[in-house]
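Note that these values count all heavy atoms, side chains included, but never hydrogens, waters or copies made by symmetry. Please read all numbers here as calculations on a predicted model, not as lab measurements. Counting convention: from 1, in listed order, for ligands and their atoms alike.
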Amino acid sequence: MLNNNIYLIGFMGSGKSHWGQVWSHEYRIPLLELDEAIIQEAGMSISRIFDLYGEDRFRKLERQELHQTEGVPYKLVSCGGGVPCFFDNMDWMLANGIVIYLKANPDQIYDRIKDEIANRPLLSSLQTADDIKGYIRGSLEKRKSYYERAHHIWEVDDVRPNSIDSFIN
Ligand code: S3P
């Protein structure tokens, strides 16, 4: 059994939800999608929360949902891309579980998210592919120092990342 929650972190489109679902199925452990929990609690989409209340409010909701995972063991938690970069969320996750950074390169991220730009509040105002690619590169650079504090960094670009086997017995 798992001793701690496993927090999956990484940029949008890096495969947190995908691998979360694969591992949840494979190891029969529940998966919590933090964004989904916020949507349920707020009764509206992430884009709508940004539109109506702004990013600051969203980040507070995100922290609130994150803290609600405390003491709920044996869970995989897929975190929105910004979670590690606000408040003391990264310290909190490092202290409360196992943190895995799923690291994808900017081109792969672009390919995975290019058809869903409208639903992503941080990207929806960008006009061209170059704007979006530039944003991804810039934001990844800014977030790197947060993401790379993870207990484990797994490349997810071409191959299946390591497995969470070793955290389960
Ligand atoms: C965000 C990532 C999104 C979502 C919100 C903000 C970010 O989640 O939480 O749009 O700041 O990177 P995913 O990484 O699951 O797409």
min-distance protein heavy atom vs atom 14 (O) of ligand 1 -> K16 NZ, 2.5 Å
Atom 16 (O) of ligand 1: closest protein heavy atom, distance to 0.1 Å, is R120 NH1, 2.6 Å
Is there side-chain contact between K75 and L31, with heavy atoms separated by less than 4.5 Å? no
| message | Please determine whether any non-hydrogen atom of R59 lies less than 4.0 Å from an atom of ligand 1. | response | yes
for atom 12 (O) of ligand 1, nearest protein heavy atom and its distance come out as R143 NH1, 2.8 Å
(message) Against ligand 1, does E33 come closer than 4.0 Å with any heavy atom?
(response) no
*Verify, without hydrogens or angle tests, whether D88 (side chain) and D91 (backbone) share a donor-acceptor contact under 3.5 angstrom.*
no
Per-atom filter on ligand 1: closer than 4.0 angstrom to a heavy atom of F58 are 9 (O)
- So, does Y7 use its side chain to make a donor-acceptor pair with the main chain of N96 at under 3.5 Å? no
May I ask you to check whether G81 has an N/O atom sitting below 3.5 Å from an N/O atom of ligand 1? yes
of all protein heavy atoms, closest to atom 10 (O) of ligand 1 is P121 CD, 3.6 Å
Could you check whether the rings of W23 and W154 sit parallel, tilted or perpendicular, using 30° and 60° as the cut-offs? perpendicular
Hits for side chain to side chain contact (heavy atoms under 4.5 Å, CB included) against L122, two or more places apart or cross-chain, chain-then-number order -> M12, F50, E55, R59, Y135, R143
message: Using a 6.0 Å cut-off, check whether atom NZ of K114 has over 12 heavy atoms from anything other than its own residue.
response: yes
Within the 4.0 Å heavy-atom cut-off, what L122 brings close to ligand 1 is side chain
Between K16 and C79 (side chain of the first, backbone of the second, donor and acceptor by atom type, cut-off under 3.5 Å), is there such a pair? yes
Atom 8 (O) of ligand 1: closest protein heavy atom, distance to 0.1 Å, is D35 OD2, 2.9 Å
